Amino acid sequence: MTELTDGDSIGGFTYREIPTVEVDAVEARFLPLAEAVRRLNDAVIRSTADDTLLTDAVARIDELTRQLGEGAPPGPVGTCFNHEGRSWSWGNAAVGERNAVAPPLYLRFVDDTHVVGEADLGPAYEGPPGMVHGGVSALLLDHLMGVTASHRHTQTAFTGTLTMRYEATLPLGKVTLHAELVKQERRKIDVEATIVATDGTVAIRAHGVFITPRWAAELSEDR
Ligand SMILES: CC(C)(COP(=O)(O)OP(=O)(O)OC[C@H]1O[C@@H](n2cnc3c(N)ncnc32)[C@H](O)[C@@H]1OP(=O)(O)O)[C@@H](O)C(=O)NCCC(=O)NCCSC(=O)Cc1ccccc1
């Protein structure tokens, strides 16, 4: 395998010579800010503030945004990984630790083929009144299933085909997701998943075919 140096890219994933302990420390510094922005978003949706407060809020938030953005490089932050196998994608739409728009989804590996997800979905994820937006459910499932297909991040797998069956509306609030890798044939990985409401109702069943791209398979053969 070719020796990697800081900044090298493999299929768009960037190798960084940063020890895990430092990555964890940076992440921990920004987590409270992302959580504060989530709370802010929730308040913006529900607020009954008057015009004076709204004008003041816009000015103060714009000023903070200017300060936080000072010196920040433009564009997406991508996915990075280090020599210890730690990877991080802080802007990821489904689980980016610094992305307040991402639903608060927490994943747990039950074993090599089974992953469970938990999320508490508030007003920012609403579709039909009081219910989770179908696209948000698809986002959560796609991510959980992708992680499941990736075998604890040991193989690269991209969504090829995703099929959703919405069997019941899903109330906002706590939801649980289950995903299981059910079949693997060469570069094709089949994953099945569900989203379950707090009362135990299975609201959505999904089937996904995840593919290890040719370039990624060729890279692992080289190792
Ligand atoms: C990678 C691939 C899907 C396939 O390319 P190649 O390597 O050139 O594949 P090749 O043509 O050599 O076929 C090999 C085998 O596969 C089969 N097959 C092929 N295509 C499909 C299909 N669509 N659906 C079903 N099957 C398909 C094909 O028939 C053949 O089967 P065979 O061996 O004859 O039985 C490529 O089209 C692509 O990059 N698409 C965009 C993917 C993308 O952006 N996804 C969203 C981002 S990921 C994300 O967000 C989630 C996530 C979160 C966390 C963690 C992980 C994931």
Side-chain angles (χ1 to χ4, degrees), residues 9-16 20 23 27 31 34 75-82 84-119 121 124-125 127 132-166 170 175-196 203-223:
S9 170
I10 300 183
F13 299 81
T14 308
Y15 176 73
R16 297 303 315 272
T20 296
V23 177
E27 197 171 283
L31 270 180
V77 300
T79 301
C80 302
F81 64 99
N82 68 9
E84 294 169 76
R86 167 77 153 95
S87 70
W88 61 101
S89 47
W90 287 327
N92 185 282
V95 286
E97 287 84 353
R98 287 166 63 170
N99 183 357
V101 172
L105 173 65
Y106 301 97
L107 304 184
R108 180 166 53 84
F109 289 89
V110 177
D111 54 43
D112 282 353
T113 57
H114 185 192
V115 187
V116 170
E118 278 170 3
L121 301 170
Y125 305 104
V132 177
H133 193 291
V136 171
S137 298
L139 171 70
L140 296 176
L141 281 166
D142 184 30
H143 188 83
L144 177 79
M145 294 164 85
V147 168
T148 308
S150 307
H151 262 278
R152 294 183 193 256
H153 303 293
T154 57
Q155 64 182 4
T156 305
F158 287 166
T159 318
T161 300
L162 200 56
T163 311
M164 305 278 169
R165 189 180 160 91
Y166 292 81
L170 181 65
V175 300
T176 309
L177 301 91
H178 300 266
E180 190 176 5
L181 190 160
V182 291
K183 192 168 86 179
Q184 174 147 17
E185 275 175 5
R186 299 182 302 278
R187 292 192 283 124
K188 274 202 302 201
I189 307 142
D190 282 48
V191 178
E192 283 178 0
T194 53
I195 301 190
V196 184
I204 301 146
R205 291 182 199 276
H207 180 261
V209 182
F210 292 79
I211 315 287
T212 299
R214 188 184 303 277
W215 61 261
E218 285 169 0
L219 266 176
S220 346
E221 279 160 20
D222 286 351
R223 288 180 188 186

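Worth saying up front: this structure is predicted, and the values here are computed from it rather than measured. Positions are given from 1, in the same order as the sequence printed here. Read the numbers this way: they start at 1 and go in the same order the structure lists the ligands and their atoms.
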Practice problem: Could you check if a side-chain atom of Leu105 sits within less than 4.5 angstrom of a side-chain atom of Leu177, using non-hydrogen atoms only? | Solution: yes
Exercise. Answer whether the closest heavy-atom distance between the side chains of Phe210 and Thr148 falls below 4.5 Å.
Key: no
Quiz item: Is there side-chain contact between His178 and His114, with heavy atoms separated by less than 4.5 Å?
Solution: yes
Quiz item: Would you say the side-chain atoms of Glu84 pair up with the backbone N or O of Thr20, donor to acceptor, closer than 3.5 Å?
Solution: yes
Exercise. Measure the shortest side-chain to side-chain distance between Leu107 and Leu144 over non-hydrogen atoms and say whether it is less than 4.5 angstrom.
Key: yes
Quiz item: If you count only heavy atoms, which residues are under 4.0 Å from ligand 1?
Solution: Asp142, His143, Gly146, Val147, Ser150, Ala157, Phe158, Thr159, Gly160, Thr161, Arg186, Arg187, Lys188, Val209, Ile211, Pro213, Arg214
Self-check item: Contacts of type ring pair (Phe, Tyr, Trp, His ring centres under 6.0 Å), residue Tyr166, not counting sequence neighbours
Solution: none
